[in-house]
Amino acid sequence: MVSLWNSSLLKKTSDLHGDTWNIEIDETIVENSPALNWYQYISGSFAEFRCSLCTRTWGSSRVQVLFHFHLNTASRQGTIKLRFYKQECKTCSEPQWEDADFSVNNTDVLVERLVKKIRMRCYGEDLGEANRSSVFDGRFNGPHESAHCEACRLGICSQAN
């Protein structure tokens with residue numbers, strides 16, 4: 001999964017002043033608690049889920065993704081830590097937290113938004129506020145299920161009830 005994110009980032013590295021950036025998944029990062037000299041960005045996108053118990057699939061229009069990022073200016077190396085917030089199946093009696101499956105298009109949209117924040121925070125560029133929209137390229141039925149959303153439970157989901 002991380003290779004998809006790094007591949008998308010590689011397409012956008014020309015916007016990052018020749019510095020080398022790498023994305024790594026880190027389930028331990030916490031919202032509003034980036035390490036010293038790190039920045040935070042939270043964004044959401046459409047993704048699909050599959051229950052590991054009953055194999056039911058569902059789409060969610062607002063899957064939250066947390067990024068912490070830092071540029072080491074001396075080595076010209078940037079690090080991006082990434083955490084996906086999970087969801088659980090609403091039909092299973094003892095559901096597991098399931099990982100989101102983002103399409104290539106929506107991974108590109110999220111990386112594009114992230115690169116914009118990196119350019120603003122790490123390079124001091126003024127880029128305005130326009131963002132590209134996510135693509136709803138899967139099945140999507142019904143409202144957001146806040147009771148089954150990890151980000152809602154933690155109070156950071158933009159669609160929490």
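Neither side chain, Thr57 nor Arg50, offers a donor N or O lying under 3.5 Å from an acceptor on the other. If you check the side chains of Asp19 and Gln77, you find no donor sitting under 3.5 Å from an acceptor. Using modelled atom types and a 3.5 Å distance limit, the side chains of Ser60 and Gln87 yield a donor-acceptor pair.
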Verdict with reasoning, Cys51 to Cys92, per side chain to side chain contact (heavy atoms under 4.5 Å, CB included): CA-CA 9 Å; Cys51 179; Cys92 288; 3.6 Å; yes
Does the pair Thr79 and Glu24 meet the rule for a side-chain hydrogen bond (donor to acceptor under 3.5 Å, both in side chains), with working shown? CA-CA 8 Å; Thr79 302; Glu24 57 190 52; 5.4 Å; no
Intermediate values then yes/no, salt bridge (charged side-chain N to carboxylate O under 4.0 Å, His left out), Arg83 and Glu150: CA-CA 12 Å; Arg83 176 182 178 181; Glu150 181 184 26; 3.2 Å; yes
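Less than 6.0 angstrom separates the ring centroid of Phe102 from the ring centroid of Phe84.
Contact check for Leu114 versus Phe69: side-chain heavy atoms found under the 4.5 Å cut-off. With a 4.5 Å cut-off on side-chain heavy atoms, Trp5 and Leu110 count as touching. Within the 4.5 Å cutoff, no side-chain heavy atoms of Val104 are placed close to those of Thr107. Using a 4.5 Å cut-off on side-chain heavy atoms (C-beta onward), Tyr85 and Ile156 make contact. In this structure, Cys54 and Cys89 have side chains that are in contact, with non-hydrogen atoms separated by less than 4.5 Å.
Using a cut-off of 4.0 Å between Lys/Arg side-chain N and Asp/Glu carboxylate O, Lys81 and Glu27 are scored as not salt-bridged. Using a cutoff of 4.0 Å between basic side-chain nitrogens and carboxylate oxygens, Lys86 and Asp99 are scored as salt-bridged. Of the charged side-chain nitrogens involved, at least one lies within less than 4.0 Å of a carboxylate oxygen, so that Asp108 and Lys11 count as a salt-bridged pair. Arg153 has a carboxylate O that lies under 4.0 Å from a charged side-chain N of Glu88, or vice versa, which qualifies the two as a salt bridge.
Expressed to the nearest 0.5 Å, how far CZ of Arg56 lies from OG1 of Thr91 amounts to 5.0 Å. To the nearest 0.5 angstrom, Leu9 atom CG is 10.0 Å from Thr20 atom OG1. Residue Trp38 holds its CH2 atom at 9.0 Å from CD1 of Ile80, rounded to the nearest 0.5 Å.
Summarising the geometry of Arg76 relative to Leu71, their closest heavy-atom pair is C-CD1, 4.3 Å, with the distance given to 0.1 Å. Considering all non-hydrogen atoms of both residues, Arg113 and Gly44 come closest at NH1-O, 2.8 Å. The minimum heavy-atom distance linking Leu53 with Pro95 is given by the pair CD1-CA, 4.2 Å. The shortest non-hydrogen separation linking Leu66 to Val30 is CD2-C, 3.7 Å. Across every non-hydrogen atom of Glu98 and Ser52, the tightest pair is OE2-OG, 2.8 Å. Pro34 and His68 get closest at one heavy-atom pair: CA-CE1, 3.5 Å.
A donor-acceptor pair under 3.5 Å links the side-chain atoms of Ser103 to the main chain of Asn106, judged by distance alone. A donor-acceptor pair under 3.5 Å is formed between the side chain of Gln40 and the backbone N or O of Asn32.
No chain of hydrophobic side-chain contacts below 4.5 Å, direct or via other Ile, Leu, Val, Met, Phe, Trp or Tyr residues, connects Trp97 to Leu154.
In this structure, Lys12 is not positioned above the aromatic face of Trp21 in the sense of NZ or CZ being under 6.0 Å from the six-membered ring centre and within 45° of the axis.
For Glu94, the CD atom sits in a loose shell: 12 or fewer heavy atoms of surrounding residues, nucleotides or ligands are nearer than 6.0 Å. Within a 6.0 Å sphere centred on CZ of Arg119, other residues, nucleotides and ligands contribute more than 12 heavy atoms.
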